[in-house]
Amino acid sequence: MVKSDTLEMLRKEPGAEDMDFSWLDDPAAERGMRVVPSKRGLTLEDISVGTYGDPPEETRNQSGRMRGSAPRPDAQNIGAHWIIKSESWSESAMMLYEEALQRQWSSATDIPWEEMPELDEDLELAMSQLCTFLTQVEFIAGDLPAKFAPNISAEHFETGLFLATQIMDEARHLDVFRKRALANGIGLLQAGPGAVGLLAAQSFLDMTASLHLVGEGFVQSMFRMGELIAHSEVDKKIFRLAAQDESRHVAFGIMHMKHLLKNEPERREEIHTYLDRMEGQVGSTPNQSGLTGGGDTTEALAILLGGGKSEKQLDEGYTKLMAVRKRQFNEYVHRLDVVGLSDRRERMHPRIRAFLEPKKN
Amino acid sequence: MPDSTTQASDEEQAPAKQADTPPEFKRPPLDMRWANAPTERPPLPKDLGPEGFTLRKADVGSYGWAPDHWPYQNDTPRGAWPAPEDKRGLLAPYTIYDKHEVWAENAADLYELAIRERWAPATEITWGSIEPLAEHTEAALDQIYTSISEQQYNSNQVLMGWLGKISYGYHEVKLYLSTQVFDQARHVEAFRKRALSNGGGLGVQMPGFMHRTVYGAFKFTEFIFYTNILRASFLLGICEASDKLARSQADRELFEHTANDLRRHSAYGVDHLKYYLRAASVNRNRVNTWVARGEAMMAADLQRDTALREALILALGDTIEEGKAALKELRAAQLQKYLLTLEAASIYNHGEALVPAFQEAIESP
């Protein structure tokens, strides 16, 4: 509230006859905020204080009013926002948002394109095929969170901000893999069935389970093994930078699922149904294989991993590919442990279970 | 972070320690039909220059040609050889397959520009430059910042919703719009951070007529008119009045960075609207409907937002009379910017066709 003598002074000023000043006289929003930057600058976590830092578990705010600001009784009702915090909340959203801003990179200038070596033709073909696949599927991981963004309440806006960074990251991934395919003389090659099926997710939890926990998790594991796949420093750098981005997305999803399970434990079985689908226990094909391999992409990966297409190289390539798969599945299980779904191991498709390391006590 | 699964670092590139092969695995014979896909072989990029390997330089030949209608209803990248019809998987839920519905010639360039011009509010605003202000001045600034943060959240989340409707053939547009999403997210948090920095807090929410209109847009071009032409012109007008509004280096930086972002949004809006209008003469009537609707709703917000009006008066002048005169100037500047933006998009002499309530809201603020 502005001091009464200040208000009095304002009201007496010439021209103030039609001024209301009630927004100064009796503000409904908390005042006296003096947030200060931490060592990482002025972050979302730094300003998440007082009433401004207290996202309600349930809200009737359907007007787009930002958390903490003063309501007006005649505000338009949008009616599209989720009212329950756990529907979309992730404790990591603020930190990951700020991290995303600090770790942005440019596919145009941060990749040493001019140092691209001439590769053996089979390797270049395989890399271009892999990049065709990645160009095809990467922005599905932008389109899917985009689908749910209009439903995020302004009371829980940090989730919306994080999703914006994911969309930006996925745009860069589409862009960088497209550029990579076009950078060394081959171009894009054979498109496949893609990942449109992911867009069928009908809830935020369906999305975090199928996209973040499984889909992006598998892509992240593959990118982390970019040292084995790549045959140039240019390609290694692309995989390294993309893996960093994917890690944020995966972390967001994991923390969302963890928050949701803590607040709505009755939805545990619902999550299992999404994973049943992604692992291939429901439906005709395991969705995860379409995300990181299968068909043309598998063969391209094997050639890259083996260093060529001779019988010996292919044997080595497929052996390494199985190591990639093994890492993908074991990291998936680790993510399940973090979420609180350790029981999933016993329910997993036998085809996947065969890859798992023994459970550590 | 709970554990290493959720952390990204440069050290994560360690190769696998061992390679296990499940007992049932049998290597398939070499196929490599994918290597024979009859796609165009692009030239090697050269003379990249300081802007690097841009989309414009990468997408040459057939890769750079966006057709008037995109024929593939899945995520086939432009320039790749499409999978046979029976192997394309699910048809996608995209609804925009015609170029004139989204295209702007400058989208690829704006995408790269946005990446070059990115900024981080947490670390690139001189937060320490903010000095204590008279309480009513601080409250006035906070009210303005509250409105900016709120409207950008609205534009941001609705734009994200549109992304998932645009087919893959126009990737430049999807990429550019992703940068706009990213920019708007920054505006949401940057102005919120400023409002909470100097002894104040957030102000009163907006009436929301424009919010509802933005949500309710049935067509992408309609949405772009509301956000990138109308709303961006008015917000840009505020940012460009920073000589009067800003009280600190931090305020000036906020306005300058935001203005820079908004100029890109406006540039996309202009180029797209122009393209849309050129595509068919009937589109001019459609745009006129959206223009009238947008102006009417903007007028409703301007006329009913007492808190924002009074905040602008207090922030723009040292006295109320001075502030009222300055608000009138600001509204005139915003209108001028809006009319020039429409003119750039090939909508001429619109000053004579403004919705009366809108004109009234501008002339008698």
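Naming convention: chains lettered A, B, ... in sequence-line order (proteins, then strands); numbering from 1 in each chain.
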Engineer: Indicate whether any N or O donor in one side chain lies under 3.5 Å from an N or O acceptor in the other, for Glu135(B) and Thr6(A).
Structural biologist: yes
Engineer: Ile166(B) versus Phe139(A): any side-chain heavy-atom pair under 4.5 Å?
Structural biologist: no
Engineer: Which bit of Thr146(B) is near chain A, if near means a heavy-atom gap under 4.5 Å: side chain, backbone, both or neither?
Structural biologist: side chain
Engineer: Between Arg178(A), Glu246(A), Glu158(A), which shows the greatest number of heavy-atom pairs under 4.5 Å with chain B?
Structural biologist: Arg178(A)
Engineer: Have Trp23(A) and Glu310(B) got a donor and an acceptor in their side chains that come within less than 3.5 Å?
Structural biologist: yes
Engineer: When heavy-atom pairs shorter than 4.5 Å are enumerated against chain A, which of Pro121(B), Ala80(B), Ala35(B) gives the highest number?
Structural biologist: Ala80(B)
Engineer: Considering all heavy atoms of both residues, which atom of Leu202(B) and which atom of Arg31(A) are nearest to each other, and what is their separation?
Structural biologist: O-NH1, 3.7 Å
Engineer: Look at Val60(B), Asp142(B), Leu91(B) and state which one has the largest set of heavy-atom pairs under 4.5 Å with chain A.
Structural biologist: Asp142(B)
Engineer: Could you report the tightest heavy-atom contact between Pro93(B) and Val196(A), atom names first, then the distance?
Structural biologist: CD-CG1, 4.2 Å
Engineer: Sort Asp183(B) into side chain, backbone, both or neither according to what part of it lies under 4.5 angstrom from a heavy atom of chain A.
Structural biologist: neither
Engineer: Heavy-atom pairs under 4.5 Å with chain B - which of Lys147(A), Glu13(A), Lys179(A) has more of them than the others?
Structural biologist: Lys179(A)
Engineer: So do Tyr153(B) and Ile152(A) actually touch side chain to side chain, heavy atoms under 4.5 Å?
Structural biologist: yes
Engineer: Charged N to carboxylate O below 4.0 Å: is that the case for Arg33(B) and Asp296(A)?
Structural biologist: no
Engineer: Just give me the residue among Leu125(A), Ile167(A), Leu189(A) that pairs up with chain B most often, heavy atom to heavy atom, under 4.5 Å.
Structural biologist: Leu189(A)
Engineer: Name the member of Ala16(A), Gly64(A), Ala149(A) that forms the most heavy-atom pairs with chain B at distances under 4.5 Å.
Structural biologist: Ala149(A)
Engineer: By a 4.5 Å heavy-atom criterion (distance strictly below it), what part of Leu44(A) contacts chain B: side chain, backbone, both, or neither?
Structural biologist: both
Engineer: Atom OG1 of Thr179(B) and atom CZ of Arg172(A): how far apart are they, to the nearest 0.5 Å?
Structural biologist: 11.5 Å
Engineer: Under 3.5 Å, is there a donor-acceptor pair linking the side chains of Glu170(A) and Ser178(B)?
Structural biologist: no
Engineer: Would you mind reporting whether Glu299(A) and Pro28(B) have side-chain heavy atoms less than 4.5 Å apart?
Structural biologist: no
Engineer: Using heavy-atom distances under 4.5 Å, tell me whether Asp305(B) contacts chain A through its side chain, its backbone, both, or neither.
Structural biologist: both
Engineer: Indicate yes or no for a side-chain donor-acceptor contact from Tyr63(B) to the backbone of Leu188(A) under 3.5 Å, with no hydrogens or angles considered.
Structural biologist: yes
Engineer: For the residue pair Thr123(B) / Gln102(A), report whether a side-chain donor-acceptor contact shorter than 3.5 Å exists.
Structural biologist: yes
Engineer: Does Arg27(B) come within less than 4.0 Å of Glu311(A), counting only side-chain N to carboxylate O?
Structural biologist: yes
Engineer: Taking Glu121(A) first and then Arg41(B), would you say they form a salt bridge - that is, a charged N and a carboxylate O separated by under 4.0 Å?
Structural biologist: no
Engineer: Does one side chain, of Glu189(B) or Tyr97(A), offer a donor that lies under 3.5 Å from an acceptor on the other?
Structural biologist: yes
Engineer: Considering only heavy atoms from C-beta outward, does the side chain of Ile115(B) approach that of Met168(A) to under 4.5 Å?
Structural biologist: yes
Engineer: Measure the shortest side-chain to side-chain distance between Phe157(A) and Gln157(B) over non-hydrogen atoms and say whether it is less than 4.5 angstrom.
Structural biologist: no
Engineer: Working to the nearest 0.5 angstrom, can you tell me the gap between Asn154(B) CG and Met66(A) CE?
Structural biologist: 10.5 Å
Engineer: Between Lys174(B) and Glu138(A) (salt bridge meaning N to carboxylate O under 4.0 Å), is one present in this structure?
Structural biologist: no
Engineer: Among Gly89(B), Ala120(B), Ala83(B), which residue has the highest count of heavy-atom pairs closer than 4.5 Å to chain A?
Structural biologist: Ala83(B)
Engineer: For the interface with chain A, which of His171(B), Lys87(B), Gln184(B), Glu112(B) has the highest count of heavy-atom pairs at distances below 4.5 Å?
Structural biologist: His171(B)
Engineer: Output the option from Glu150(B), Lys193(B), Arg88(B) having the highest count of non-hydrogen pairs under 4.5 Å with chain A.
Structural biologist: Lys193(B)
